[in-house]
Colleague: 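I'd like to ask you about the structure that follows.
So you know, we letter chains A, B, ... as the sequences are listed, proteins then strands, and number each from 1. Hydrogens, waters and symmetry mates are skipped; everything else that's a heavy atom, side chains included, is used. Keep in mind it's a predicted model, so treat the numbers as computed, not measured.
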Amino acid sequence: MNKQLYIYNTLSREKELFEPITPGRVGLYVCGPTVYGDPHLGHARPAITFDLLNRYLTHLEYKVRYVRNITDVGHLESDGDEGEDKIAKKAKLDELEPMEVVQHYTNSYHNFINQLNVKSPSIEPRASGHIIEQIEVIKSIIDKGYAYESNGSVYFEVKKYNNDFPYGILSGRKIEDLINNTRTLDGQSEKRDGLDFALWKKAAPEHIMRWPSEWSDGFPGWHLECSAMSKKYLGEQFDIHGGGMDLLFPHHECEIAQSTVSNGKTPAKYWMHNNMITIDGQKMGKSLGNFITLEQFFSGNHDKLEKAYSPMTVRFFILQAQYRSTLDFGNDALQAAEKGLSRLSEAFNNLDKIPISEKSNVDIEALKEKCYAALNDDLNSPILIAHLFDAVKTINSLIAGNVTINQQDLGLLKSIMQNFAIDILGLNLDPAEASGNDEKLDDVMQLLLTMRSDAKSNKDWAMADKIRDELANLGFVIKDGAEGATWEIK
RNA sequence: GGUUCCUUGGCCGAGUGGCUUAGGCACUGGUCUGCAAAACCAGUUACGGCGGUUCGAAUCCGCCAGGAACCUCCA
């Protein structure tokens with residue numbers, strides 16, 4: 001089978017065959033959240049996108065080291081001297097210790113991301129725990145002559161860098177255009193040039209998040225943590241760097257510049273960027289204030305939500321779009337995903353009901369190839385899901401007796417569903433998970449179903465319907481099948 | 001203003017030169033059922049506009065319209 005994975009590399013703007021630097025091993029770095037607010041639907045997208053990548057690479061038998069950072073130092077609120085550390089600001093508002101705020105939102109992030117069945121990364125480094133490493137990177141950049149100190153702060157000299165290296169290789173920006181379009185800042189700037197960016201910022205007196213350095217008591221600049229931590233855990237050059245498209249410029253561009261100077265080589269071989277989730281056609285984001293938190297999705301407690309949506313519904317919804325496309329939030333789409341997922345789940349749980357025949361007249365091997373082809377084409381999860389729905393149709397047809405399958409093909413079909421739906425897409429199709437039922441409840445339900453069955457045998461339709469309808473009122477759906485009735489919670 | 005990108009049927013969302021009627025949801029008809037539900041079978045609705053390249057374009061090129069992201073923190 002073809003297991004040649006092609007991924008879209010932002011550097012080349014083309015799909016490229018993935019070839020790891022070290023055979024059999026993959027170093028993957030993904031920009032994690034800035035923990036100063038509740039995790040929202042936008043945070044779920046990269047988490048799930050790169051979870052899919054991590055799971056698929058693992059399935060392909062690569063040994064993956066997946067590093068996803070926690071940004072807890074806080075980026076600058078605004079440029080220039082009036083810049084204020086975002087986390088410190090929030091802390092003052094809440095009258096909490098900065099690290100208390102950070103811990104709270106880190107826990108919250110873990111809690112909700114875990115509910116989405118996202119596997120934990122191999123290493124989850126915090127920026128605040130790597131101040132020393134960041135200072136080391138700054139020193140090396142100063143030593144190589146691409147940074148200067150100014151009033152206790154250190155800035156990266158973009159124009160000088162651009163003379164020797166291609167600044168803008170990732171984002172496709174040209175420095176001439178940037179020069180013409182740089183905002184004019186009020187007041188005096190410590191920077192020699194508007195394009196320069198901070199590697200170290202001297203902390204203002206009221207600034208409570210601060211660390212000592214040879215330049216000043218302060219804090220590391222916006223983009224430094226990823227350069228420092230990717231180097232520490234994945235080496236100077238690693239395979240894949242991921243993150244949201246909104247980080248492409250300036251964050252990732254600056255990261256490349258820093259790492260390139262510091263290490264003398266470009267950091268990542270492949271850059272992958274997930275697109276945004278939109279709401280009413282606009283990006284869902286913290287700064288726009290139009291985000292819906294994951295907690296609100298799971299509880300339904302938001303004006304825009306017609307109902308609560310389970311974590312698996314949210315995950316499935318996100319996977320139904322290819323990661324490089326924008327995905328528009330909407331209740332209709334969520335509910336369509338919910339129903340589709342339910343159908344997929346039901347078929348998966350009915351695999352054991354499929355009768356085995358001598359001969360197969362279904363082509364399971366072809367299905368498997370198609371599933372791999374979908375993922376190999378830049379993780380095209382919607383295509384994969386389409387193929388899984390073909391499998392659903394096959395499963396249902398097999399149970400209905402329209403087609404037949406032999407033992408070997410059935411085993412293959414089961415492994416396809418397990419591998420692609422459960423292991424790679426990371427869907428939890430366990431009926432207990434979906435409905436929250438337990439064994440005792442099932443015993444009670446079986447009793448009621450037996451009573452209804454008896455009533456039907458006696459043609460006591462009134463009683464039979466009463467049981468069904470009353471259960472429906474309580475949120476249980478009864479499904480009559482060839483070999484008896486089953487139930488589920490709606 | 002600069003850079004990049006998008007516009008597919010009722011909704012979401014794939015596709016990238018010539019049968020994919022992708023798939024999901026919704027809808028319609030049929031089978032099944034005591035009636036339903038579920039399931040199965042069948043079916044309807046499409047490629048923003050204009051021009052060009054081509055034997056042939058949703059798919060390539062140009063223009064126009066509308067929208068978005070980035071250029072400041074953002075997933």
Colleague: Starting at atom CD of Q322(A), determine the distance to atom P of rG15(B), rounded to an integer number of angstrom.
Modeller: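 So the two atoms are 6 Å apart, to the nearest Å.
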Colleague: Distance check: side-chain N/O of N350(A) vs OP1/OP2 of rA38(B), anything under 4.0 Å?
Modeller: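 Looking at the OP1 and OP2 atoms of rA38(B), neither is under 4.0 Å from any side-chain N or O of N350(A).
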Colleague: With the side chain of R343(A) defined as its heavy atoms from C-beta on, choose the nearest nucleotide among rG24(B), rA37(B), rC41(B).
Modeller: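 Looking only at heavy atoms from C-beta outward on R343(A), the closest nucleotide is rG24(B).
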Colleague: Using the closest heavy atom to pick a nucleotide of RNA chain B for each, name whichever of K456(A) or G32(A) lands nearer the 5' end.
Modeller: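 Mapping each residue to its closest nucleotide by heavy atoms, the 5'-most match is K456(A).
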Colleague: Between rA22(B), rG34(B), rC70(B), which nucleotide gets closest to the side-chain atoms of D465(A)?
Modeller: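 My answer, after comparing the listed nucleotides, is rG34(B).
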Colleague: Does R68(A) put a side-chain nitrogen or oxygen below 4.0 Å from OP1 or OP2 of rA75(B)?
Modeller: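 The answer is no; no side-chain N or O of R68(A) sits under 4.0 Å from OP1 or OP2.
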Colleague: Whole angstrom is fine here: how far is it from CG in D246(A) over to P in rC5(B)?
Modeller: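 One finds 17 Å between P of rC5(B) and CG of D246(A), rounded.
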Colleague: Do W461(A) and the base of rG34(B) stack face to face, with centres under 5.5 Å apart and an angle between planes under 30°?
Modeller: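 Ring-base stacking flag set for W461(A) and rG34(B).
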Colleague: If you compare every side-chain N and O of S397(A) against the phosphate oxygens of rA39(B) (OP1, OP2), does one of them come in below 4.0 Å?
Modeller: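 Indeed not, no polar side-chain atom of S397(A) lies that close.
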Colleague: How about R210(A) and F219(A): do any of their side-chain heavy atoms sit closer than 4.5 Å?
Modeller: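 In short, these two side chains do not touch, never coming nearer than 4.5 Å.
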Colleague: Calculate the interatomic distance between L344(A) atom CG and rA38(B) atom P; express it in whole Å.
Modeller: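 For the pair L344(A) CG and rA38(B) P, the rounded distance is 17 Å.
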Colleague: When you compare the side chain of N274(A) with that of R324(A), does any pair of heavy atoms fall below 4.5 Å?
Modeller: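 No, every pair of side-chain atoms sits at 4.5 Å or beyond.
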Colleague: Grab the CG-P distance between D280(A) and rG67(B) for me, whole Å please.
Modeller: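 Answer to the nearest Å: 14 Å.
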Colleague: Any N or O donor-acceptor pair under 3.5 Å from the base of rC35(B) to the side chain of R468(A)?
Modeller: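 Side chain to base: pair present.
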Colleague: Roughly how many Å is it from CZ in R452(A) to C1' in rA38(B), rounded to a whole number?
Modeller: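 The answer, rounded to whole Å, is 12 Å.
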Colleague: Could you please name the option among rC41(B), rA75(B), rC25(B) that lies closest to any side-chain atom of K393(A)?
Modeller: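 Of rC41(B), rA75(B), rC25(B), rC41(B) is nearest to the side chain of K393(A).
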Colleague: Would you check if K353(A) and T486(A) make a side-chain contact, meaning some heavy-atom pair closer than 4.5 Å?
Modeller: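 In contact.
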Colleague: Going by the side chain to side chain contact (heavy atoms under 4.5 Å, CB included) test, name the single residue among L384(A), L425(A), I424(A), D51(A) that passes it with Y56(A).
Modeller: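 Exactly one candidate clears the test, I424(A).
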Colleague: Nearest to the N380(A) side chain among rC12(B), rG13(B), rG15(B), which nucleotide is it?
Modeller: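 Nucleotide nearest to N380(A)'s side chain: rG15(B).
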Colleague: If you go through the side-chain atoms of R173(A), does one of them form a donor-acceptor pair with the base of rC70(B) closer than 3.5 Å?
Modeller: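 A donor-acceptor contact between them is present.
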Colleague: Which residue, K174(A) or K283(A), contacts RNA chain B at a nucleotide closer to its 5' end, judged by nearest heavy atom?
Modeller: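 Result of the comparison: K174(A).
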Colleague: Taking the same atom, C1', in rU16(B) and in rC47(B), what whole-Å distance lies between them?
Modeller: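 Their C1' atoms lie roughly 12 Å apart.
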Colleague: Taking the side chain of A321(A) as its heavy atoms from C-beta onward, which of rC74(B), rG13(B), rC11(B) lies nearest to it?
Modeller: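 That would be rG13(B).
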Colleague: Y29(A) OH to rA75(B) C1': how many Å, rounded?
Modeller: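 So the OH-C1' distance, Y29(A) to rA75(B), works out to 14 Å.
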Colleague: Kindly say if T49(A) contacts the phosphate of rA75(B), meaning a side-chain N or O under 4.0 Å from OP1 or OP2.
Modeller: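 T49(A) to rA75(B) OP1/OP2: no side-chain N or O under 4.0 Å.
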Colleague: Salt bridge (charged side-chain N to carboxylate O under 4.0 Å, His left out), that's the test. Do D72(A) and R126(A) meet it? Break it down for me.
Modeller: CA-CA 6 Å; D72(A) 60 352; R126(A) 293 174 163 220; 3.7 Å; yes
Colleague: Let's see if you can work this out: which of rA14(B), rA75(B), rA38(B) has an atom nearest to the side-chain heavy atoms of E346(A)?
Modeller: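 Closest of the options to the side chain of E346(A): rA38(B).
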Colleague: Can you label the angle between the H223(A) ring and the H251(A) ring as parallel, tilted or perpendicular, going by 30° and 60°?
Modeller: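 Geometry flag for H251(A) against H223(A): tilted rings.
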Colleague: Counting only side-chain nitrogens and oxygens, does N396(A) get under 4.0 Å of the OP1 or OP2 atom of rC40(B)?
Modeller: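 Result: yes.
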Colleague: Among rA75(B), rA22(B), rA14(B), which nucleotide sits nearest the side chain of A386(A)?
Modeller: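 Nearest to the side chain of A386(A) among the choices is rA22(B).
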Colleague: Please measure how far the C1' atom in rG15(B) lies from the corresponding atom in rC19(B), and state the result in whole Å.
Modeller: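 Each nucleotide's C1' atom is 14 Å from the other's.
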